[in-house]
Amino acid sequence: MSKTYRIAPSILSANFAKLGQEIDDVISSGTDLVHFDVMDNHYVPNLTIGPLVCEAIKETAKRVGGIIDVHLMVEPVDRIIPDFAKAGANIITFHPEASKHIDRSLAMVRDLGCKSGLVFNPATPLHYLDHVMDKVDMVLLMSVNPGFGGQKFIPETLNKLKLARTKIDAYMKATGREIWLEVDGGVNAMNIAEIAKAGADTFVAGNAIFTQGKESDKNRYNTIVGELRASLATVK
Ligand code: DX5
Ligand code: ZN
């Protein structure tokens, strides 16, 4: 059986003046998740988009079958989680360092009808998972320090992915419940196969996708998404 791989374009690198069209074009080119990066100029040194924008893209994402994957780089998280659930988020992930009560924040996401997940910065150990596996639907490993698109993939992430894969596989074997393993930062057609081999099943890509093609071409993302899929197809 071949593995299911999901591609999550990070709209941070999209053209915000045409966001709805960008989402339509990129999901229609064969991607799966709309990766939605929320930054607060406090937890990370940058400021991006909030629930209002999530609400604005909700219908388009739904129509084209894109799952809205909200990555919160904000501190604290609890105040803003309900706003994103209401604004159409399907998955909400946050950084454990940004929540005083991780178990409670995870449960809150689930109670609001979304899938929940924890995000690990490059230097953050995976042990935050140990006592909350049952409340996690997605584990997201940062392969860059959060705050900006277009950074270089940190190779140590490959070792960390293998560790996370082992933990998740053991959990899935014991419970039968699936947990997605996502990687975020510096992913491109050259390194995606190696990253998949290390254990990731869901791949965020911002710069690699949105810098491609001419804006007037509705199919401009087909080539790069085809390349990413072709690299993934080489993984045994
Ligand atoms: C970084 C964000 C990423 C980033 C990915 O803080 O969480 O989602 O935008 O972009 P690329 O693929 O350009 O590294
Ligand atoms: Zn992200």
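Atoms within each ligand, like the ligands themselves, are counted from 1 in listed order.
Using the six-membered ring where Trp is involved, His71 and His95 have ring planes that are parallel, under 30° apart on the 30 and 60° scheme. By the 30° and 60° cut-offs, the orientation of the rings of Phe120 relative to Tyr128 is tilted.
For the residue pair Glu178 and Tyr171, no side-chain donor N or O sits within less than 3.5 Å of a side-chain acceptor on the partner.
The protein heavy-atom contact nearest to atom 5 (C) of ligand 1 is Asp184 OD1, 3.4 Å. Of the protein's non-hydrogen atoms, the one nearest atom 12 (O) of ligand 1 is Gly206 N, 2.8 Å. Atom 14 (O) of ligand 1 has its closest protein heavy atom at Gly186 N, 2.8 Å. Nearest non-hydrogen protein atom to atom 1 (C) of ligand 1 is Phe148 O, 3.5 Å. Nearest protein neighbour of atom 6 (O) of ligand 1, counting heavy atoms only, is Gly147 N, 2.8 Å.
One N or O on the side chain of Asn191 and one on the backbone of Gly186 form a donor-acceptor pair closer than 3.5 Å. Looking at Arg165, its side chain does come within 3.5 Å of a backbone N or O of Gly199 through a donor-acceptor pair. A distance-only check finds a donor-acceptor pair linking the side chain of Glu22 to the backbone of Asn15 [under 3.5 Å]. Distance alone, capped at 3.5 Å, is enough to place a donor-acceptor pair between the Ser231 side chain and the Ala189 backbone. When atom types are taken as modelled, the side chain of Arg220 and the backbone of Asp217 share a donor-acceptor pair closer than 3.5 angstrom. Not one N or O on the side chain of Ser116 forms a donor-acceptor pair closer than 3.5 Å with the backbone of Arg110.
For a threshold of 3.5 Å applied to N or O pairs, the pair formed by Ser10 and ligand 1 contains at least one separation below that value.
Taking the Zn ion (ligand 2) as the corner point, the angle from His35 atom NE2 to Asp37 atom OD1 is about 90° (rounded to 10 degrees). Draw a line from the Zn ion (ligand 2) to ND1 of His71 and another to OD2 of Asp184, and the angle between them is 90° (to 10°).
The ligand atoms of ligand 1 that sit less than 4.0 angstrom from a heavy atom of His35 are 8 (O). Within ligand 1, the atoms closer than 4.0 Å to a non-hydrogen atom of Pro146 are 6 (O), numbered from 1 in the order shown. Residue Ala205 has at least one heavy-atom neighbour below 4.0 Å for each of these atoms of ligand 1: 12 (O). Those atoms of ligand 1 with a heavy atom of Leu12 less than 4.0 angstrom away are 9 (O). Heavy-atom proximity to Gly185, at under 4.0 Å, picks out these atoms of ligand 1: 14 (O). Set against the non-hydrogen atoms of His71, the atoms of ligand 1 under 4.0 Å away are 7 (O). Within ligand 1, counting atoms from 1 as listed, the ones closer than 4.0 Å to a heavy atom of Met39 are 6 (O). Set against the non-hydrogen atoms of Met73, the atoms of ligand 1 under 4.0 Å away are 6 (O), 7 (O).
Within the 4.0 Å heavy-atom criterion, both parts of Asn207, backbone and side chain, lie near ligand 1.
With values rounded to the nearest 0.5 angstrom, Asn207 atom CG is found 9.0 Å from Leu12 atom CG.
Of the listed residues (Val26, Thr31, Ile27, Val34), just one forms a side chain to side chain contact (heavy atoms under 4.5 Å, CB included) with Val64, and that residue is Ile27.
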